[in-house]
2 protein chains.
Amino acid sequence: MSRRSGILEFAVLGLLRESPMHGYELRKRLNTSLGVFRAFSYGTLYPCLKALVAHGWLVEETGGGPDGVPATALTGRRAKIVYRLTPAGKEHFEELLSHSGPEAWEDEHFGVRFAFFGQTSRDVRMRVLEGRRSRLEERLEKMRTSLARTRERLDDYTLELQRHGMESVEREVRWLNELIESERAGRDQRAPEPTAQGENDQSADTGGLPRHRGGSRPDPSE
Amino acid sequence: MSRRSGILEFAVLGLLRESPMHGYELRKRLNTSLGVFRAFSYGTLYPCLKALVAHGWLVEETGGGPDGVPATALTGRRAKIVYRLTPAGKEHFEELLSHSGPEAWEDEHFGVRFAFFGQTSRDVRMRVLEGRRSRLEERLEKMRTSLARTRERLDDYTLELQRHGMESVEREVRWLNELIESERAGRDQRAPEPTAQGENDQSADTGGLPRHRGGSRPDPSE
DNA sequence: TTCGTCATGTAATGGGTTACATGATTAC
DNA sequence: GTAATCATGTAACCCATTACATGACGAA
């Protein structure tokens, strides 16, 4: 009944926070903007949406505009079900955003968490990035020792696979180093939050990213 | 019936082909030598082993050596169940090895397939490598167009995530290019397979790997 | 008119983990 | 003697996919 996916729930709430959407559109955003990592199917998404509605975090808007004209009549298409985040849903999402525990930096979660860093407070960003980095470093350590013990007994292809795998992890660590450095630089520029956790801490100003190319953030009017 | 994992089945058969092992040891090999990718639990492994036995691809050796002395008496340990590949199992594994279809180069399978390239014939290796490469290239193409369409509407973090993701894929493509080149060079050295596909093509001589040149440090101990 | 895309959903199935149950052996 | 590791297994659950069912619209 529940279908408490965690990661999907988080992503859906986060996307709907920007603007209401219907399921079909949501899935596309999930697999392009956030995508790369996972490609959720409708069989996963729709039941999840229903569950979120049951929790009171979303509301369905089957009908049309404020005049009561059904969407079907307006668009001609099959009645879309537009999902909108409720205040309770927004609150819940912000609670999830504030978590910086181990779950946040595991393989499956980290990408999605990162995708919503724009809505995440700077100190949570830091903890997540550092957590991820130390996670990868301990993994690297394991790989190194395991490799040292078995190097002789492995054939060339297995060895090459191992080498490439380790290089990939090392590369991600370097990436994280850059990001952490940038975050720290950004933090130094402005006095960091005194003590209180302001409830309006979203819109957490984008403190720092390595300069590749930024561009602008025009408002998400749709 | 049960638990036809495909990838696990393949890896188990491949490891047992080298030498008989019991479940516990098998799992460790699975998560170190082949590891990095997946970490199978006993809840997955043991039922899988039973299923493979039921198929006649493995036999359990609960007892001791040829003299009939039980292993318990020999080692003192709890009776291990040593699994040994049957001729039918070996045949089955070699059949799996010869497949070079799309399943072989998808994310989940490719790593394990590569790990057993030492047992794979050269032309299959080529097809798998090239298949993987074109798979990644088409993924890259999708990412590029999707990025081009939505670049303006994405915030800096999402953009950075996308950029890093694409770079990772590009990096793997370059890796594959090197590998393919090496394979081709190895092939040129001694023109194999005149026209027919030799049935005894296993023990495929390790034709080519980038011999630790060009950026690959052979010794990670710093 | 047929095909591609939009749009929503469900039932069966798959593939895997977690937690549990059990117990022997080794190292301290 | 007790903790860690070796060693095998099962049942309950979880998350997600696949295949299916339905149907409307736009364009060729």
Side-chain angles (χ1 to χ4, degrees), chain A residues 1-12 20-32 35 37-54 58 60-64 70-83 103 106-109 112, chain B residues 1-12 20-32 35 37-54 58 60-63 70-83 102-103 106-109 112:
Chain A
M1 181 69 74
S2 305
R3 291 291 195 239
R4 197 75 64 79
S5 163
I7 168 174
L8 179 56
E9 172 185 313
F10 181 83
V12 164
M21 270 180 282
H22 57 272
Y24 191 87
E25 196 182 348
L26 206 41
R27 185 186 180 242
K28 285 177 73 175
R29 295 286 306 268
L30 233 40
N31 296 255
T32 57
F37 332 99
R38 315 210 48 155
F40 290 101
S41 64
Y42 299 121
T44 313
L45 178 59
Y46 283 120
C48 172
L49 286 170
K50 296 297 180 188
L52 294 181
V53 169
L58 304 181
E60 297 183 348
E61 287 172 2
T62 4
T72 326
L74 289 171
T75 68
R77 289 203 162 277
R78 176 177 185 170
K80 295 179 187 176
I81 302 180
V82 174
Y83 292 92
E103 343 81 59
E106 287 306 313
D107 291 327
E108 330 81 54
H109 295 67
V112 185
Chain B
M1 203 173 293
S2 47
R3 297 304 196 230
R4 197 73 66 78
S5 164
I7 166 173
L8 179 56
E9 172 185 313
F10 181 83
V12 164
M21 269 180 281
H22 57 272
Y24 192 87
E25 197 183 347
L26 206 41
R27 184 185 181 242
K28 285 178 73 174
R29 295 284 308 266
L30 233 39
N31 296 256
T32 57
F37 332 101
R38 317 209 48 157
F40 290 101
S41 63
Y42 298 120
T44 314
L45 178 58
Y46 284 120
C48 172
L49 285 170
K50 296 297 178 187
L52 293 182
V53 169
L58 304 182
E60 298 183 348
E61 288 173 1
T62 7
T72 326
L74 288 171
T75 68
R77 290 203 158 275
R78 174 178 183 168
K80 295 177 186 177
I81 301 179
V82 175
Y83 292 92
E103 345 79 59
E106 288 304 313
D107 291 326
E108 330 82 53
H109 295 65
V112 185

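Values below: every heavy atom of this structure, side chains too, minus hydrogens, waters and symmetry copies.
Considering CZ of Arg27(B) and NE2 of His22(B), their distance stands at 12.5 Å, rounded to 0.5 Å. Note that the NE2 atom of His109(A) and the CG atom of Asp107(A) stand 10.5 Å from one another [nearest 0.5 Å]. Expressed to the nearest 0.5 Å, how far CZ of Phe40(B) lies from CD1 of Ile7(B) amounts to 4.5 Å. In this structure, CG on Leu8(A) lies 7.5 Å from CG on Leu52(A), to the nearest 0.5 angstrom. Distance CZ/Arg29(A) to OG1/Thr32(A): 7.0 Å, rounded to 0.5 Å.
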Please tabulate, one pair per line, each protein N/O and nucleotide N/O from nucleotides 9-11 of chain D that are separated by under 3.5 Å, including the distance.
| from | atom 1 | to | atom 2 | distance (Å) |
| --- | --- | --- | --- | --- |
| dG9(D) | OP1 | Lys50(B) | NZ | 3.2 |

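Rounded to whole Å, atom C1' of dG15(C) lies 12 Å from atom CD of Glu108(B). Phe40(A) places its CZ atom 16 Å from the C1' atom of dT18(D), with the value rounded to the nearest Å. Per the geometry, CG belonging to Leu30(A) stands 13 Å off C1' belonging to dA16(D), to the nearest Å. Atom CD of Glu106(A) is separated from atom P of dT18(C) by 11 Å (rounded to the nearest Å). Separating the CG atom of Leu26(B) from the C1' atom of dC6(D) is a distance of 15 Å, rounded to the nearest angstrom. In this structure, Arg27(A) atom CZ and dA16(D) atom C1' are separated by 12 Å, rounded to whole Å. In this entry the distance linking OH of Tyr24(B) with P of dT8(D) reads 9 Å, nearest Å. Whole-Å rounding puts the Met21(B) CE to dA7(D) C1' distance at 15 Å.
At the phosphate of dT5(C), neither OP1 nor OP2 sits under 4.0 Å from any side-chain N or O atom of Lys28(A). Close to dG16(C), at under 4.0 Å from its OP1 or OP2, lies no side-chain N or O of Thr44(B).
Backbone-only contact: Ile7(A) has heavy atoms under 4.0 Å from sugar-phosphate atoms and none from a base.
When the side chain to side chain contact (heavy atoms under 4.5 Å, CB included) test is applied to Tyr46(B), the partners found at least two apart in sequence or on another chain are Tyr24(B), Tyr42(B), Leu49(B).
Evaluation of the salt bridge (Lys or Arg N to Asp or Glu O under 4.0 Å) test over residues 39-51 of chain A, restricted to residues two or more places apart or in two chains, returns Lys50(A)-Glu60(A).
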